[in-house]
Amino acid sequence: MAEAPAAATGRIAPAGFNRLLGAAAWPFANRRRALATLALYVLFHAILRWQSPEALSRDELVDQAFAQGWAWGYHPEQPPLYTWLIQAASTAFGPGILAQVVVRFAILYGFYAAHYLAAERALGDPARAGLATAAFLLVYLFGFDALGNNFTQTLALALFAVLLLYFLLRLDVEGDIVAYLGLGAGLGLGLLSKYSFILFAGPLLVVCLFDPGLRRRLLDWRALGALLIAAAIFLPHGLWMALGPSDIRAGFASHLQVPVKLGYVPGVARGLGSAASALLNLASPLWLVVVVLFGRALLPGLPADTPHARWRRFFGRWIVLMAGIALAGILAGAVQRLKIHHLLPLLLPLPIYLFLRLADRPPVPWRLQALAASALAVSGVVAAILIARPFTGPTWCPRCDLHLAYGRIAAEIRVAGFGSGTIVADGVHVAGNLRAWFPDQPIFMAQWPQFTPPRAALGRQCLAVWRAGAPGGTVPTELGRFLT
């Protein structure tokens, strides 16, 4: 590789430094390498998570606790698609960590692969599509937390969001029936993955109406067929929402508003601060790497008549519209707190948009290679942390959920005399973990009293179990009320 300028001063970077950066970018240089590299990355973390402590993480517990049978809905805060996938995997592998690993990491790889294909169409450059996808390794949600701690439905939202984007970009060029079918399936499955998917898909479709080529495609009669497919996919759960024991409004309010009543100005101030904090945390450390390496590309003044100008304007309008919706919710007083996953729809188009800007204001090559090197370096640090966590976690956090020995707890329950019957737990933490050890017993939860396991079998033994604050503690009030 030829030596590249180290900076705008014209100095020449050392050959060894050049070779190191070139080696970091090599795995993402074309489609085959990029998809293979990401497959190995996901497979490594899948095995690592499978071999980690036996207890499940917070978000895994919710789906594990509810995946006791098939239903059109389970609880009001989340749609059922991810729970269905866990139910299917539990049928195949048994409830527990393996079922969770298969679903989580299949979705994670599907996200990376779909994002690469969408980026390749938007950018027209396999190498830059690989780097735009590798950028997500520098995003906290994907590069760390989603590798075993949290985020289940959020990962499904990300997958179907980039699939929807891919089929929309395909629709622009091919306009074939496959693109319309994919558009309909992406919309329907996205809505079944997480309700906030509408904040991604809605602005995307609106912005399409301002692009002559996409507007013509969406006004085609086949687009109506795509909408009918989406409606058919979502309809059964939609009926459950309307007729079942669900309160979607209360679920959203509990997520987006603080428990205490705030005045308008304090509420708006809190919402703006929450949004800024959530976005910086969500995109860390990617935003810092981008500012250091490509700060010039963020400046206005790009040419308007280049081959990439159309998609640059398209992605820019889309991002502005999503940000405007979030800002409007804050200014209206409806949104007072935002967590990092609430802003995921806003993050997903950003890497492609960055590289569209870089195409019209090209940086020196070593800066692109440095992005790949940063992604690989951070991934290595994360891997070291996750490998060490089973050994160091019990020392600094002996009561953390991932380190509770539920296998031993289940054995003690059997020794105490419980054979089969109904289990009543105080919440999802206990119910989700015990489900792996009592797969054939219906488990109720005082935390979700409206949920009834499909295989409820009363009249035999009944086990009440909860996480006590201290040995010999009394039955928690909520659990006692539910038992009564």
Within-4.5 Å side-chain heavy-atom neighbours: [X] and [Y]:
{"X": "Leu199", "Y": "Leu346", "value": "no"}
{"X": "Val62", "Y": "Gln78", "value": "no"}
{"X": "Leu327", "Y": "Leu272", "value": "yes"}
{"X": "Leu165", "Y": "Ile352", "value": "yes"}
{"X": "Leu239", "Y": "Leu235", "value": "yes"}
{"X": "Ser90", "Y": "Gln64", "value": "yes"}
{"X": "Val162", "Y": "Tyr166", "value": "no"}
{"X": "Leu138", "Y": "Ser374", "value": "yes"}

Centroid separation [X] to [Y] less than 6.0 Å:
{"X": "Tyr353", "Y": "Trp318", "answer": "no"}
{"X": "His75", "Y": "Phe66", "answer": "yes"}
{"X": "Phe136", "Y": "Tyr112", "answer": "no"}
{"X": "Phe160", "Y": "Phe200", "answer": "no"}
{"X": "His237", "Y": "Trp240", "answer": "yes"}

Checklist entry - So Tyr82 and Ile107, side-chain contact (heavy atoms from CB on, under 4.5 Å) or not? Walk me through it. => result CA-CA 10 Å; Tyr82 199 93; Ile107 288 177; 3.5 Å; yes

Heavy atoms only: give me the nearest [X]-[Y] pair and the separation to one decimal.
{"X": "Ala201", "Y": "Leu164", "answer": "CB-CD2, 3.7 Å"}
{"X": "Pro345", "Y": "Ser196", "answer": "CG-O, 4.2 Å"}
{"X": "Ile229", "Y": "Ala185", "answer": "CG2-N, 3.9 Å"}
{"X": "Leu344", "Y": "Ala158", "answer": "CD2-CB, 4.0 Å"}
{"X": "Ala99", "Y": "Gly94", "answer": "CB-O, 3.7 Å"}
{"X": "Leu155", "Y": "Ala146", "answer": "CD2-CB, 3.8 Å"}

Checklist entry - Is there a donor-acceptor contact under 3.5 Å linking the side chains of Asp63 and Gln87? => result no

Checklist entry - Does any donor atom in the side chain of Thr152 or Asp59 lie under 3.5 Å from an acceptor atom in the other side chain? => result no

Item to check | Residue pair Phe314, Phe210: steps toward the ring pair (Phe, Tyr, Trp, His ring centres under 6.0 Å) verdict | outcome: CA-CA 8 Å; Phe314 178 87; Phe210 292 90; over 10 Å; no

Please check this pair: side chain of [X] against backbone of [Y], looking for a donor-acceptor N/O pair closer than 3.5 Å.
{"X": "Glu120", "Y": "Asp125", "result": "no"}
{"X": "His429", "Y": "Leu61", "result": "no"}
{"X": "Thr83", "Y": "Ala67", "result": "no"}
{"X": "Arg361", "Y": "Arg296", "result": "yes"}
{"X": "Arg312", "Y": "Arg357", "result": "no"}
{"X": "Ser284", "Y": "Leu280", "result": "yes"}
{"X": "Tyr109", "Y": "Leu35", "result": "yes"}
{"X": "Arg222", "Y": "Leu181", "result": "no"}
{"X": "Arg367", "Y": "Leu293", "result": "yes"}
{"X": "Tyr116", "Y": "Ala134", "result": "no"}

Separation of [Y] [atom2] from [X] [atom1] (nearest 0.5 Å):
{"X": "Ser379", "Y": "Leu137", "atom1": "OG", "atom2": "CG", "answer": "4.0 Å"}
{"X": "Leu38", "Y": "Arg33", "atom1": "CG", "atom2": "CZ", "answer": "13.5 Å"}
{"X": "Phe315", "Y": "Leu356", "atom1": "CZ", "atom2": "CG", "answer": "6.0 Å"}
{"X": "Arg104", "Y": "Phe151", "atom1": "CZ", "atom2": "CZ", "answer": "9.5 Å"}
{"X": "Leu183", "Y": "Leu218", "atom1": "CG", "atom2": "CG", "answer": "7.0 Å"}
{"X": "Leu141", "Y": "Leu286", "atom1": "CG", "atom2": "CG", "answer": "12.5 Å"}

Checklist entry - In chain order, what residues pass the side-chain contact (heavy atoms from CB on, under 4.5 Å) check against Leu368, with sequence neighbours excluded? => result Arg128, Leu131, Phe294, Phe355, Leu358, Pro363

Next on the checklist: Determine whether Trp26 and Gln369 satisfy the following criterion, side-chain contact (heavy atoms from CB on, under 4.5 Å), listing intermediate values before the conclusion.
Outcome noted: CA-CA 9 Å; Trp26 182 88; Gln369 297 168 345; over 6 Å; no

Item to check | Basic-acidic side-chain contact under 4.0 Å: Lys194, Glu77 | outcome: no

Checklist entry - With a 4.0 Å cut-off, would you call Arg217 and Glu174 a salt bridge? => result no

Next on the checklist: With salt bridge (charged side-chain N to carboxylate O under 4.0 Å, His left out) as the criterion, how do Arg310 and Asp172 come out once you've worked through the C-alpha distance, each side chain's angles and the decisive distance to 0.1 Å?
Outcome noted: CA-CA 12 Å; Arg310 176 199 177 193; Asp172 178 67; 2.6 Å; yes

Checklist entry - More than 12 heavy atoms of other residues, nucleotides or ligands under 6.0 Å from CH2 of Trp84: is that the case? => result yes

Checklist entry - Around Arg121, counting heavy atoms of other residues, nucleotides and ligands shown, do more than 12 lie under 6.0 Å from its CZ? => result yes

Checklist entry - Any idea how Tyr41 and His45 line up, ring-wise: parallel (<30°), tilted (30 to 60°), or perpendicular (>60°)? => result perpendicular

Checklist outcome for this item: Arg170 meets the salt bridge (charged side-chain N to carboxylate O under 4.0 Å, His left out) criterion, sequence neighbours left out, with Asp176

Item to check | side-chain contact (heavy atoms from CB on, under 4.5 Å) evaluation trace for Lys339 with Ser274 | outcome: CA-CA 7 Å; Lys339 299 180 181 179; Ser274 173; over 6 Å; no

Checklist entry - Between Phe144 and Ile385, is a side-chain contact (heavy atoms from CB on, under 4.5 Å) present by the stated rule, with each step listed? => result CA-CA 10 Å; Phe144 181 77; Ile385 293 173; 4.1 Å; yes

